[in-house]
Amino acid sequence: MTDSTPHSPSKRWQSALWQPELWQSGLWTNNPALVQVLGLCPLLAVSNTAINGLGLGLATLLVLVGANLLVSLVRHWIPAAIRIPVFVLLIGSLVTCIELLMHAWTYSLYQALGIFIPLIVTNCVIIGRAESFASRQPAHRAVIDGLAQGLGFTGVLFVLGSVREILGSGHWMFGAEQVFGSVGAALSSKFAELQQPMLLALLPPGAFLGLGGLIALKNVIDQRRRSRQAASATSMRPAAPVNVSNESRSANET
């Protein structure tokens with residue numbers, strides 16, 4: 001028999017799934033890469049192709065969700081003085097599991113990402129969410145926060161990798177079979193035969209320029225949205241009452 005009381009675990013998970021503030025924070029308003037500007041080392045290093053960015057983003061997403069869940073579950077039993085070492089130990093264990101799984105199932109992607117897979121342990125996004133959110137929230141909210149923050153980080157990695165790959169080599173999703181298997185071969189596209197590929201896009205300076213462009217684009221979108229909201233609020237504001245007596249007095253004096 002399914003427990004359908006208002007405070008049942010299933011109800012709590014359903015209510016957490018439909019909390020737009022968590023999704024909006026992770027995907028846009030408090031995006032780890034565009035707003036918090038955290039985890040830039042792997043973001044800039046492996047985003048030379050869309051698949052590399054997507055692979056590292058998904059690995060980070062899994063670790064982030066698992067770390068938030070574990071930290072939330074054990075938060076009442078961890079003394080405050082040793083909470084950070086315990087968080088790092090949990091995150092390191094999860095990263096080791098992800099590294100072994102990628103070594104077994106996606107070996108070519110594992111080789112392409114190299115040292116940046118174990119370096120997920122030092123990703124400031126993961127330890128930051130564990131300390132600032134998961135250690136103070138119940139498990140269902142911590143998992144949704146990890147999903148939202150991880151998807152936001154993965155999205156930026158994928159978009160930045162796509163832009164750099166298209167400008168640098170004219171391809172998109174080259175090597176998609178490393179993540180999607182035989183289906184991934186159909187996802188790879190070639191946009192143009194570049195006589196002179198833009199090498200800058202594939203080098204680290206291109207990553208900085210690309211990330212700066214994405215941050216600037218987000219700021220422009222936010223500014224335009226605030227301007228529209230302000231204009232809408234002004235148009236809906238009731239007009240000030242007209243002082244009829246003063247107007248009549250002025251007309252008579254004239």
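Since we're looking at a predicted model, the values are computed, not measured. Numbers here are sequence positions counted from 1.
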By side-chain hydrogen bond (donor to acceptor under 3.5 Å, both in side chains) - contacts of Arg83 (at least two apart): Glu131

With sequence neighbours excluded, residues passing side chain to side chain contact (heavy atoms under 4.5 Å, CB included) with Leu101: Trp105

Test ring-ring contact (aromatic ring centres under 6.0 Å, His included) applied to Phe87 - qualifying residues, sequence neighbours left out: none

side-chain hydrogen bond (donor to acceptor under 3.5 Å, both in side chains): pairs with one or both residues in residues 35-47, sequence neighbours excluded: Gln36-Gln149, Ser47-Arg164

Name each donor-acceptor pair under 3.5 Å that joins a side chain in residues 58-65 to protein atoms two or more places apart or in another chain, with its distance.
from	atom 1	to	atom 2	distance (Å)
Thr60	OG1	Leu56	O	2.8

Other ILVMFWY residues reachable from Trp77 by side-chain steps of under 4.5 Å: none

Heavy atoms of other groups near Glu21 CD, more than 12 under 6.0 Å: yes

All side-chain hydrogen bond (donor to acceptor under 3.5 Å, both in side chains) counterparts of Gln24, not counting sequence neighbours: none

Ile115 with Leu94, same ILVMFWY side-chain cluster at under 4.5 Å: yes

Neighbour count >12 (heavy atoms, 6.0 Å) for atom CZ, Arg225: yes

Cluster link Leu73 to Leu90, ILVMFWY, side chain under 4.5 Å: yes

For Gln137, all residues meeting side-chain hydrogen bond (donor to acceptor under 3.5 Å, both in side chains), sequence neighbours excluded: Arg141

4.5 Å side-chain heavy-atom contact, Met102 and Leu113: yes

Spacing of Phe180 atom CZ and Met173 atom CE [to the nearest 0.5 Å]: 5.0 Å

Worked check of side chain to side chain donor-acceptor pair (under 3.5 Å) between Ser72 and Arg75: CA-CA 5 Å; Ser72 177; Arg75 68 187 191 280; 3.3 Å; yes

Using residues 204-218 as the side-chain source, report each donor-acceptor pair under 3.5 Å to any protein atom, sequence neighbours left out, with the distance given to one decimal.
from	atom 1	to	atom 2	distance (Å)
Lys218	NZ	Asp222	OD2	2.5

Connected via hydrophobic side-chain network under 4.5 Å: Val121 and Ile82: yes

Pairs where residues 87-115 contributes a residue and the test salt bridge (Lys or Arg N to Asp or Glu O under 4.0 Å) is met, not counting sequence neighbours: none

side-chain hydrogen bond (donor to acceptor under 3.5 Å, both in side chains) involving Ser162 - partner list, sequence neighbours excluded: Trp172

Distance, nearest 0.5 Å, that separates CG of Asn30 from CG of Leu22: 11.0 Å

Sequence neighbours excluded, every pair satisfying salt bridge (Lys or Arg N to Asp or Glu O under 4.0 Å) that has a member inside residues 43-71: none

Distance in Å, Ile91 CD1 paired with Thr96 OG1, rounded so as to fall on 0.5 Å steps: 11.5 Å

Pairwise distance OG1(Thr29) to CH2(Trp23) - rounded to 0.5 angstrom: 13.5 Å

Minimal non-hydrogen separation, Ala201 against Leu167, with atom names: CB-CB, 3.9 Å

Nearest-0.5 Å distance, CG of residue Asn68 to CZ of residue Phe133: 8.0 Å

Leu27 reachable from Ile126 in the ILVMFWY side-chain graph, under 4.5 Å edges: yes

Stepwise side-chain contact (heavy atoms from CB on, under 4.5 Å) test for Ile117 and Tyr110: CA-CA 8 Å; Ile117 301 175; Tyr110 168 81; 3.6 Å; yes

Side chain to side chain, Leu157 and Leu54, heavy atoms closer than 4.5 Å: no

Between CG on residue Asn123 and CG on residue Leu119, distance to nearest 0.5 Å: 9.5 Å

hydrophobic_cluster_shared for Leu38 and Ile84, side chain cutoff 4.5 Å: yes

Heavy-atom closest contact (Gly152 atom, Asn31 atom, distance): O-ND2, 3.3 Å

